[in-house]
J.: 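First, the structure itself, so that you have it in front of you.
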Amino acid sequence: MRVGILTYHFPPEPAFIPGSLAEELAARGHEVRVLTGFPDYPGGHVYPGWRQRWRHETRSRGLTVRRVPRYSTGDGAVRPRMAAWLSFAASAAFVGRSYLAGVDVLYVHQPPAAAFASAALLRLLGQVPVVLHVPDVWAEQSVEDTDDDRWAARVRAAMARTYRSASTIAVSAPSLREAVVATGVEADRVPVVLNWTDERIFRPAPAGSAARGLVRRDDRCVVMHAGTIGARQGLETAVRAAAALENTMDLVLVGSGAQERRVRGLAAELRADNVRFVERRSPLDMPELYAAADYQLVMLRDLPALRGTVPGKLQAALSCAAPVVASTGGDTAALVERARAGLSCPPGDWASLADRFWLAAQIPPPARAEMGRRGRQAYLREMSLSAGVDRIEGLLREAAANPREKTDTPVRKSISSE
């Protein structure tokens, strides 16, 4: 097939899903044309060594990437952010009609940042069938983060326009599917395609002495949280749970974030000597650190918007055959339980999490290893790059073979967080 890909972010930005999909489709023999912007995430400034210009294309076997200018700013306020989104829409529409002419099907990777671009471009491309990929619940909810009702309404309208045009809307979790169907989209147009991880990095590896030195002090059970220490994780709950089990287990927090000072302060206040902090490490180091610990901790606060979120650290842990302790609700807990890859408890309840920590410490190492093995098998079966691209490739073929007549009929109700 000749496949067009529209995405606001693309490597070298941390945009692993569209980047790996483009590479894999090209490796499978498809002609892939990517339309994206110049890299500026997360700082809001174009990366060093890059210069925005109109005619910038890179080509490799079967894969062409065309970058178009967009407004870049380090200011995260509403107006600059919307200016960036709208400028990308204008650039994509200006270039896209000719650049994507002749594609058999268009794949759109759509967080809210891409909503205006996809809506504008689809008007110009006529009857080209579209597979829309909504890869995270925040793509559905974060329009509220604009803190501006007028702009949030415009983003919703642009997303709804794309929903109406799409042949298929792939989502990353069952709860997100329910949210999309609730907007009025037919259920048979909304398949679930679970996200994958970077399997070149995240795979089973033995723990070296350096990794053990960072993670372990003795033979006690170690539960490790790797990643952002932010508001969405609610790691204060984990600190309180670990503090109640000072002589039973260690909690190791690897990473940093906006809530790090607060979490460190709570650990000091509770005199939780079994809670330790390790500065952020390269992703390349993480498989060894996973192996040095006994469990990986996956946490999300008890918020309705997060119940359909499956954090990328879950796929990374499962791919590395690391057993999991999940303090989450919704889809993440369901995945862990279905795979029998670890333990779970309701989010935001430190006593329940302390109980899970205690139980985790009592499980003998062979049984922990079996949890990890089951988790990796579930990952390979349901969440791997191969499984995900197989599913999306099938959706692209189906859309190309059976183009859906586009309509401007409004959906039953507007896209909103309920």
J.: Is there side-chain contact between F277 and V263, with heavy atoms separated by less than 4.5 Å?
T.: yes
J.: Would the H56 and F38 ring centres measure less than 6.0 Å apart?
T.: yes
J.: Decide yes or no on side chain to side chain contact (heavy atoms under 4.5 Å, CB included) for V155 and M82, but give the supporting numbers first.
T.: CA-CA 9 Å; V155 175; M82 292 300 136; 4.2 Å; yes
J.: Closer than 4.0 angstrom, basic N to acidic O: yes or no for E199 and R203?
T.: no
J.: Taking the six-membered ring for Trp and the full ring for Phe, Tyr or His, determine whether the centres of W196 and Y379 are under 6.0 Å apart.
T.: no
J.: Any side-chain heavy-atom pair from M224 and M286 closer than 4.5 angstrom?
T.: yes
J.: Under a plain distance cut-off of 3.5 Å, with no hydrogens placed, do S91 and R70 share a side-chain donor-acceptor pair?
T.: no
J.: Verify the ring-centre separation between F116 and F88: is it less than 6.0 angstrom?
T.: no
J.: Quick check: closest heavy atoms across P206 and E288, and the distance to 0.1 Å?
T.: O-CG, 3.3 Å
J.: Is any side-chain N of the basic residue among R59 and E57 closer than 4.0 Å to the acidic one's carboxylate O?
T.: yes
J.: For E13 and D40, indicate whether the former's side chain and the latter's backbone hold a donor-acceptor pair under 3.5 Å.
T.: yes
J.: Can a salt bridge be assigned to the pair R391 and E393 using a cut-off of 4.0 Å between side-chain N and carboxylate O?
T.: no
J.: Parallel, tilted or perpendicular: which fits the ring planes of W54 and F94, with parallel below 30° and perpendicular above 60°?
T.: perpendicular
J.: Do R189 and Y163 form a cation-pi contact, if we require the NZ or CZ to be under 6.0 Å from the six-membered ring centre and within 45 degrees of the ring's axis?
T.: no
J.: Is the backbone of F16 close enough, under 3.5 Å, to the side chain of D198 for a donor and an acceptor to pair up by distance?
T.: no
J.: Step by step, work out the side chain to side chain contact (heavy atoms under 4.5 Å, CB included) result for R376 and L318.
T.: CA-CA 5 Å; R376 178 160 172 80; L318 297 182; over 6 Å; no
J.: Report yes if the side chains of V275 and L266 come closer than 4.5 Å at any heavy-atom pair, otherwise no.
T.: no
J.: Without swapping roles, check the side chain of D104 against the backbone of A400 for a donor-acceptor pair under 3.5 Å.
T.: no
J.: Do L335 and V310 have side chains that get closer than 4.5 Å, going by heavy atoms?
T.: yes
J.: If you look at every heavy atom in A93 and A120, which pair is closest and at what distance?
T.: CB-CB, 4.2 Å
J.: With a 4.0 Å cut-off, would you call E236 and R240 a salt bridge?
T.: no
J.: Looking at R216 and D250, does any basic side-chain N land under 4.0 Å from a carboxylate oxygen?
T.: no
J.: With a 4.5 Å heavy-atom cut-off, do N274 and L251 have their side chains touching?
T.: no
J.: Answer whether the closest heavy-atom distance between the side chains of Q315 and S384 falls below 4.5 Å.
T.: no
J.: Check the side chains of Q233 and H225 for a donor-acceptor pair under 3.5 angstrom, ignoring hydrogens and angles.
T.: no
J.: Quick check: are there more than 12 heavy atoms from other residues, nucleotides or ligands sitting under 6.0 Å from OH of Y41?
T.: no
J.: Thinking salt bridges, do R338 and E382 make one under a 4.0 Å N-O criterion?
T.: yes
J.: Can you see which heavy atom on R356 is nearest to which on L343, and at what distance?
T.: O-CD1, 3.6 Å
J.: Are more than 12 heavy atoms, taken from residues, nucleotides or ligands other than R374, located less than 6.0 Å from that residue's CZ atom?
T.: yes
J.: Should the heavy atoms of other residues, nucleotides or ligands under 6.0 Å from CZ of R53 be counted, would the total exceed 12?
T.: yes
J.: Start with the C-alpha distance between E24 and S386, add both sets of side-chain angles, then the distance that settles side chain to side chain contact (heavy atoms under 4.5 Å, CB included), and finish with yes or no.
T.: CA-CA 9 Å; E24 183 66 16; S386 176; over 6 Å; no
J.: To check you understand the geometry: which heavy-atom pair defines the closest contact between V215 and V252, and what is its length?
T.: O-CG2, 3.6 Å
J.: Would you kindly say whether T7 and T36 are connected by a side-chain donor-acceptor distance under 3.5 Å?
T.: no
J.: So does R28 have more than 12 non-hydrogen atoms from other groups sitting under 6.0 Å from CZ?
T.: yes
J.: Decide yes or no for T64 and T58: does some side-chain heavy atom of the first lie under 4.5 Å from some side-chain heavy atom of the second?
T.: no
J.: Do Y71 and W85 touch side chain to side chain, with heavy atoms closer than 4.5 Å?
T.: no
J.: Salt bridge check: are R2 and E31 linked by an N-O gap of less than 4.0 Å?
T.: no
J.: Show every side chain to side chain donor-acceptor pair (under 3.5 Å) that has at least one partner inside residues 320-331, sequence neighbours left out.
T.: S175-D331
